[in-house]
Asks: 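Shown below is the structure under consideration.
If you read the sequence from its start, that first residue is 1, and numbering goes on from there. All figures in this text were calculated on a predicted structure; none of them were measured in a lab. Side-chain atoms are counted along with the backbone in the values below, which use heavy atoms only and exclude waters and symmetry mates.
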Amino acid sequence: MPSEEGANEVNQQDAVPAENKTEVKTSPVKKTKPVKMQLCRVLLLDGTEYEVELDKKAKGQQLFDMICDHLNLLEKDYFGITYRDPQDQKYWLDPLKEIRKQIKGGPWVFGFNVKFYPPDPSQLQEDITRYQLCLQIRDDILKGRLPCSFVTHALLGSYIVQSELGDYDPEEHSADYLSEFKFAPNQTKELEEKVMELHKTHKGQTPAEAELHYLENAKKLAMYGVDLHHAKVRQDEKDDSEGVDIMLGVCANGLLIYRDRLRINRFAWPKILKISYKRSNFYIKIRPGEFEQFESTIGFKLPNHRAAKRLWKVCVEHHTFFRLVSPEPPPKSKILRLGSKFRYSGRTQHQTRQISALIDRPAPNFERTLSKRFSSKSMDAAPGYAPYREQNRPDLSKLPPDMSASADAVGAGKLPYADDVPPQGDEEEAAVQETVPPVAEPEVNGTETHAAPEEPAPPEELTNKVDDEIPNVENAVVDELESQVKHGGKALHVSHTNTHTCTPSLPLVVHTKVDS
């Protein structure tokens with residue numbers, strides 16, 4: 001039995017005043033806020049819509065990965081997601097930023113498109129990737145972004161029919177079996193008859209083989225993979241007028257300049273030392289030629305600040321993807337930096353080819369969409385998008401026959417195209433006849449600054465062959481541009497600071513910021 005003293009000790013402990021006792025307060029359980037979801041609608045290249053719900057704070061990469069998983073795409077670095085602003089200007093969704101901060105209150109309606117057109121589609125590993133590229137090119141042709149001659153329309157159309165219907169069978173295919181297909185913006189009965197004639201010659205080709213032939217011919221077209229931007233250039237350095245209307249085209253091999261739908265000049269990436277923009281002006285710094293002593297800077301006037309920044313971003317992305325072994329690393333310095341922090345963050349073409357070579361899976365099964373369903377929908381008809389402007393469609397029927405490169409002429413090396421590497425010597429400034437469709441003008445204003453590149457020629461496996469014959473066409477704008485290239489670009493001199501170089505193992509490329 002416990003002693004009385006022990007019992008007294010227990011009672012004394014129980015008798016401690018209440019004010020001396022410490023109360024243990026438990027913190028209330030924090031209620032987790034419900035995740036706000038947002039419905040995304042994405043128009044795919046085959047004309048179908050893909051709907052998915054995302055967290056409102058989701059970044060672009062999450063949506064991009066979900067689309068690629070839905071399509072069963074592994075070679076996804078050539079593709080991107082597009083959206084349009086209230087002025088109906090197209091932008092590429094940044095995968096590293098939140099979606100809501102990019103569309104800024106607009107509808108969550110997007111498009112899945114080819115962002116980087118591979119110069120050699122045969123190097124793509126999987127048929128499903130080539131099929132998606134075919135769908136993009138077909139859409140480019142139907143919207144007038146990729147002009148073709150009659151012969152090219154017929155040849156490409158015959159490969160489409162072979163891919164979707166197989167071999168020509170006179171018992172199964174009636175005289176109007178091509179009526180459901182759409183091959184060209186201004187399709188005629190004569191074109192359908194020519195497609196039928198060529199379709200008969202493709203007997204035995206599988207859908208994958210027909211699509212590969214389609215791409216091999218499409219890649220030779222002058223406007224293949226060219227992203228166009230409106231700009232102006234002054235005729236005289238002392239002239240205060242707005243200048244001459246031109247268009248700047250960005251492609252795998254550099255910057256192209258067009259006037260009156262003719263290509264008048266080309267600046268290949270190895271020829272360009274730096275690219276920059278300041279307010280609504282876009283600048284390229286050119287490496288001196290063989291008989292020139294000074295570097296030169298050429299300036300172009302864009303419609304507004306946002307247009308200049310958009311062009312600069314497209315140039316940085318194309319240059320990095322096609323010319324570098326790996327992307328430029330982000331700066332490690334935490335010092336306050338002026339200007340844009342934008343860097344291309346995806347894989348380069350060199351990296352994606354290495355990774356694609358490791359793909360080890362059976363060829364994925366997928367259904368090829370019929371052309372009649374493909375042509376019934378377009379990005380312009382998607383909810384939240386402004387209707388397509390019919391007045392901006394080029395009337396290819398009014399073009400002279402020599403202004404559209406046929407597949408036969410290009411294949412024989414008689415006509416140049418946008419995918420060749422920079423020509424040597426005086427050929428750099430040769431004007432070449434090429435057609436270019438008009439593009440809608442942007443309508444926004446703003447201010448900001450920046451810049452980029454320098455490098456030697458790329459490794460041999462990253463270059464393309466150049467055509468032997470490049471016709472010279474006299475054009476006044478060539479003289480205008482040459483007048484700016486001379487004198488070391490003094491009239492358009494821009495000071496550059498905060499230079500960043502890639503690692504020594506990579507080709508030297510300088511991305512610079514321009515301080516205002």
Asks: What is the distance from atom CD1 of I81 to atom SG of C68, rounded to the nearest 0.5 Å?
Replies: 7.5 Å

Asks: Side-chain contact, heavy-atom cut-off 4.5 Å: L156 with R138?
Replies: no

Asks: How are the rings of F321 and Y78 set relative to one another: parallel (under 30°), tilted (30 to 60°) or perpendicular (over 60°)?
Replies: perpendicular

Asks: Using the rule given for ring-ring contact (aromatic ring centres under 6.0 Å, His included), can you reason through F64 versus F79, listing the C-alpha separation, both sets of side-chain angles and the distance that settles it, and then say yes or no?
Replies: CA-CA 9 Å; F64 181 72; F79 301 87; 7.9 Å; no

Asks: What pairs with A308 under side chain to side chain contact (heavy atoms under 4.5 Å, CB included), at least two apart in sequence or on another chain?
Replies: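 For A308, the residues satisfying side chain to side chain contact (heavy atoms under 4.5 Å, CB included) (neighbours in sequence not counted) are Y277, L302.
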
Asks: F183 and S158: side chain to side chain contact (heavy atoms under 4.5 Å, CB included), yes or no, with the steps?
Replies: CA-CA 9 Å; F183 306 116; S158 65; over 6 Å; no

Asks: If you round to the nearest 0.5 Å, how far is OG1 of T48 from CG of L71?
Replies: 7.5 Å

Asks: Could you report the tightest heavy-atom contact between L63 and C40, atom names first, then the distance?
Replies: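 That closest heavy-atom pairing would be CD1-CB, 4.4 Å.
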
Asks: With side chain to side chain contact (heavy atoms under 4.5 Å, CB included) as the test, would you mind laying out the steps for L74 and R361 before giving the verdict?
Replies: CA-CA 10 Å; L74 293 183; R361 67 170 180 175; 3.4 Å; yes

Asks: Between L248 and L228, does a side chain to side chain contact (heavy atoms under 4.5 Å, CB included) hold up when you go through it step by step?
Replies: CA-CA 6 Å; L248 300 176; L228 294 171; over 6 Å; no

Asks: If you define the side chain from C-beta out and look only at heavy atoms, does anything of F322 sit under 4.5 Å from P119?
Replies: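 They are in side-chain contact.
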
Asks: E98: which residues meet the side-chain hydrogen bond (donor to acceptor under 3.5 Å, both in side chains) condition with it, sequence neighbours left out?
Replies: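 Here the qualifying residues are R100.
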
Asks: Say whether Q87 and R306, considering side chains only, have a donor N or O and an acceptor N or O under 3.5 Å apart.
Replies: no

Asks: I298 pairs by side chain to side chain contact (heavy atoms under 4.5 Å, CB included) with which of L255, N265, I284?
Replies: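 Of all the options given, the one that passes is I284.
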
Asks: Please walk me through it: do H153 and I141 pass side chain to side chain contact (heavy atoms under 4.5 Å, CB included)?
Replies: CA-CA 9 Å; H153 276 307; I141 291 175; 3.3 Å; yes

Asks: List for me each residue that meets salt bridge (Lys or Arg N to Asp or Glu O under 4.0 Å) alongside D127, sequence neighbours excluded, and say none if there are none.
Replies: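 Here the qualifying residues are R130.
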
Asks: Using 30° and 60° as the class boundaries, would you call the ring planes of Y131 and F366 parallel, tilted or perpendicular?
Replies: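 Y131 and F366: tilted rings.
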
Asks: Looking only at non-hydrogen atoms, find the nearest pair between Y224 and P118 and report the distance.
Replies: OH-O, 2.8 Å

Asks: Testing D139, L133, N113 one by one against L45 for a side chain to side chain contact (heavy atoms under 4.5 Å, CB included), which residue passes?
Replies: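 Among the candidates, only N113 passes.
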
Asks: The criterion is side chain to side chain contact (heavy atoms under 4.5 Å, CB included); which residues satisfy it with Q125, sequence neighbours excluded?
Replies: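 Applying side chain to side chain contact (heavy atoms under 4.5 Å, CB included) to Q125 gives E75, S356.
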
Asks: Are side-chain heavy atoms of Y83 and I99 found at a separation under 4.5 Å?
Replies: no

Asks: For Q354, give me all partners under side-chain hydrogen bond (donor to acceptor under 3.5 Å, both in side chains), at least two apart in sequence or on another chain.
Replies: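 If we apply the side-chain hydrogen bond (donor to acceptor under 3.5 Å, both in side chains) test to Q354, skipping adjacent residues, the hits are H350.
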
Asks: Could I get the full list of side-chain hydrogen bond (donor to acceptor under 3.5 Å, both in side chains) partners for Q61, not counting sequence neighbours?
Replies: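 Q61 satisfies side-chain hydrogen bond (donor to acceptor under 3.5 Å, both in side chains) with D65 once adjacent residues are dropped.
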
Asks: Can you tell me how far apart NE2 (H319) and CD1 (I272) are? Round to the nearest 0.5 Å.
Replies: 8.0 Å

Asks: Give the minimum heavy-atom separation between L256 and C251, together with the two atoms involved.
Replies: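 Scanning both residues completely, I find the closest heavy atoms to be CD1-SG, 4.0 Å.
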
Asks: To the nearest 0.5 Å, how far apart are CD in E211 and CG in L135?
Replies: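 Spacing of CD (E211) from CG (L135) equals 8.0 Å.
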
Asks: Answer yes or no: is there a donor N or O on one side and an acceptor on the other, between the side chain of R287 and the main chain of P270, under 3.5 Å?
Replies: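 At least one qualifying donor-acceptor pair exists.
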
Asks: Using side-chain heavy atoms (C-beta onward) and a distance below 4.5 Å, is P95 in contact with K59?
Replies: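 No, too far: nothing below the 4.5 Å cut-off.
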
Asks: Using side-chain heavy atoms (C-beta onward) and a distance below 4.5 Å, is Y258 in contact with I264?
Replies: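 Counting from C-beta outward, Y258 and I264 never come under 4.5 Å.
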
Asks: Determine the minimum heavy-atom distance between C315 and V250, stating which atoms define it.
Replies: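 It is SG-CG2, 3.8 Å.
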
Asks: By side chain to side chain contact (heavy atoms under 4.5 Å, CB included), which residues pair with P288, not counting sequence neighbours?
Replies: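 Listed in chain order: E292, E295.
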
Asks: Could you check if a side-chain atom of Q162 sits within less than 4.5 angstrom of a side-chain atom of T206, using non-hydrogen atoms only?
Replies: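 When only atoms from C-beta onward are counted, T206 and Q162 do not touch, as no gap falls below 4.5 Å.
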
Asks: Taking W269 for its side chain and A252 for its backbone only, find out whether a donor-acceptor pair lies under 3.5 Å.
Replies: yes

Asks: Give a yes or no answer on whether the side chain of D88 reaches the backbone of R84 with a donor-acceptor pair at less than 3.5 Å.
Replies: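 Flag not set: sc D88 to bb R84 has no pair under 3.5 Å.
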
Asks: My understanding is that only residues two or more places apart in sequence, or in another chain, count here; which of them pass salt bridge (Lys or Arg N to Asp or Glu O under 4.0 Å) with E209?
Replies: none

Asks: Rounded to the nearest 0.5 Å, how far does CD1 of I103 lie from CG of D85?
Replies: 12.0 Å

Asks: F110 versus I67: any side-chain heavy-atom pair under 4.5 Å?
Replies: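 Result no, sub-4.5 Å side-chain heavy-atom pair not found.
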
Asks: Applying side-chain hydrogen bond (donor to acceptor under 3.5 Å, both in side chains), can you list everything that pairs with D77, at least two apart in sequence or on another chain?
Replies: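 side-chain hydrogen bond (donor to acceptor under 3.5 Å, both in side chains) check on D77 returns R347, T352.
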
Asks: Would you call S122 and E216 a side-chain contact if the rule is heavy atoms closer than 4.5 Å?
Replies: yes

Asks: For residues V233 and G299, report the shortest heavy-atom separation together with the two atoms involved.
Replies: CG2-O, 4.1 Å

Asks: Applying salt bridge (Lys or Arg N to Asp or Glu O under 4.0 Å), can you list everything that pairs with K115, at least two apart in sequence or on another chain?
Replies: E317

Asks: Looking only at non-hydrogen atoms, find the nearest pair between V325 and T348 and report the distance.
Replies: O-OG1, 2.8 Å

Asks: What's the separation between atom NZ in K301 and atom OG in S280, rounded to the nearest 0.5 Å?
Replies: 3.0 Å

Asks: Please name all residues satisfying ring-ring contact (aromatic ring centres under 6.0 Å, His included) with F282, sequence neighbours left out, ordered by chain then number.
Replies: none

Asks: In chain order, what residues pass the side chain to side chain contact (heavy atoms under 4.5 Å, CB included) check against D94, with sequence neighbours excluded?
Replies: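 Once residues adjacent in sequence are excluded, the partners of D94 under the side chain to side chain contact (heavy atoms under 4.5 Å, CB included) criterion are L96, K97, Q102, F342.
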
